[in-house]
Amino acid sequence: MEISKVCMQEKKLESKMSPAEHATNNDNLLARSRAAVWHPCTQMKRLETLPLVPIERGEGVWLYDCDGKRYLDSVSSWWVNLFGHGEPRIKAAIKTQLDKLEHVMLAGFTHRPVVELSERLGELTGLGHAFYGSDGASATEIALKMSAHYWKNSGRADKNRFVYLAGSYHGETVGALSVTDVPVFRSAYSSLVRDNFIAPSPDSRLAGPGETAKDVAEAAANGLAAIFAAHHTEIAAIILEPLVQGAAGMAMYDPHYLVRVRELCDRYQIHLIADEIAVGFGRTGTLFACEQAAIKPDLLCVSKGITGGFLPLAAVLTTNEIYAAFYDEDVTRGFLHSHSYTGNPLACAAALAVLAIFASDNVIAANAERAARWSTRFATFAQHPRVSHYRNTGMIWAFDVADERPGFAQRMYRAALAEGLLLRPIGNTVYFMPPYVMQDDEADWLVQGTARALEVALGGQEEQDDAAIA
Ligand SMILES: *Cc1c(COP(=O)(O)O)cnc(C)c1O
């Protein structure tokens, strides 16, 4: 049963209950979730001491639990939500599509929403032939396979390895883990994961005294150049997160790095895969992050915000040159990859509604103004004695907190929940990635709640490690 129905049923029962019975009833839902659901990114035993939050409904930046307590969703529910929970235009688009067609397989069939979405994405990116999956990780898999298969079709089957950046995150399926450098996600599966080449991160926090973010980018690009020079005959592609490495702890870097990578890829005949799963759709201040370096990748992965956080959908777009290498009489030279829900009409309708909102609400320009207003508020954290590397790119803000004891992320998460805030620090990095529709008074509320939670977290008791919080 859906959690909302469970909540509703329990609500009916609850109205006849004493406070003690009421508490037991919510505990029941949490106990049932622990018994029946294997929660993602979670050491399940932790739930003995860190209870789940049962959410019944959402509106704007707010999530409401079964008791009506609200939480400001400052991480856009894992970076997917753009225009708030329950955005009426996206909801209406899904309902309209639902009355026509919920799904049809995309092999041998097509439909209006997938055609229109592919055309729109093509216009917006200068790339084409959108290939669909349902999650970010499947987009990564598609891009890696397409690149290696392109080289095979081009008589260069030896080019089948990949380069990824220190601190990178591209999803958690086995192929995606082979280009992901987050030990907590990767180590347990290292025996399953293929070895690839790891290149230095351009993370601007690595700047030494007197160095600029551009200097760090230049040095990282030189490190990449050395890898390309030594191994280009076996390298199919480099995959990277343009401008912000999310799971690394919102590591931000200078666009100069992307300019250099594009040059190096051209020089050594290596594909550039831009993973804009987290940074696409306005997150970094432009519709796509690559625009800030005025570069075009060979393959572009998008997901997360593409449906405004309503339905799972991912897409990979590519150049005509790559597409053409698959176009042949020979079936096995084709890209024979598929997922059951490839190009789902409901998800495509949601994505079309999202793109319509970008146009009608002039979202990119409006976000620049919002970002300026919120930055003046969030910058107060830069003054905190325990905070370093306060940083901002577009609609992402982050800062690092000095705390010698392990478990800062857990303490901060817990303290923030008590303040009515959904915050999920990554290690010692606190970040805000709110829905774009947050109001200024809600931003004030976020600042005040975070400041109070920070004092509690810094004063609180030691917890185990932070591994389960990302
Ligand atoms: C979230 C994310 C992914 C994986 O997407 P899922 O939908 O979680 O599989 C891949 N790359 C980046 C940059 C991401 O942030």
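Values in this document were obtained by computation on a predicted structure and should not be read as measured data. Indexing begins at 1, ligand by ligand and atom by atom, following the structure's order.
At least one heavy atom of K304 sits less than 4.0 Å from an atom of ligand 1. Using a 4.0 Å cutoff on heavy atoms, W79 counts as a contact of ligand 1.
Between A278 and ligand 1, a contact under 3.5 Å exists for no N or O pair.
Using a cutoff of 4.0 Å between basic side-chain nitrogens and carboxylate oxygens, D73 and R424 are not scored as salt-bridged. Ion pairing of R161 with D195 is absent here, as no side-chain N (NZ or NE/NH1/NH2) approaches a carboxylate O to less than 4.0 Å.
Annotation: atom 9 (O) of ligand 1 to nearest protein heavy atom, A137 N, 2.8 Å. Shortest contact from atom 7 (O) of ligand 1 to any protein heavy atom: G136 N, 2.8 Å. Of all protein heavy atoms, the one lying nearest to atom 12 (C) of ligand 1 is D275 OD2, 3.3 Å.
Remark: ligand 1 atoms within the under-4.0 Å shell around heavy atoms of G171 are 4 (C), 10 (C). Each of the following atoms of ligand 1 lies closer than 4.0 Å to a heavy atom of H170: 10 (C), 11 (N).
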- Which is it for E321 and Y150 under the side chain to side chain donor-acceptor pair (under 3.5 Å) test, yes or no, and what are the steps along the way? CA-CA 9 Å; E321 190 196 342; Y150 166 89; 2.8 Å; yes
- Message: As a quick check of understanding, evaluate side chain to side chain donor-acceptor pair (under 3.5 Å) for W151 and Q269, giving each step before the final call.
- Response: CA-CA 10 Å; W151 292 115; Q269 294 200 302; over 6 Å; no
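In this structure, H231 has its ring center closer than 6.0 angstrom to the ring center of F197. Annotation: F378 is not in aromatic contact with Y431 [ring centroid separation under 6.0 Å not met].
Heavy-atom contacts from other residues, nucleotides or ligands closer than 6.0 Å to CD of E59 number 12 or fewer.
Both the backbone and the side chain of D135 come within contact range of ligand 1, each with a heavy atom under 4.0 Å.
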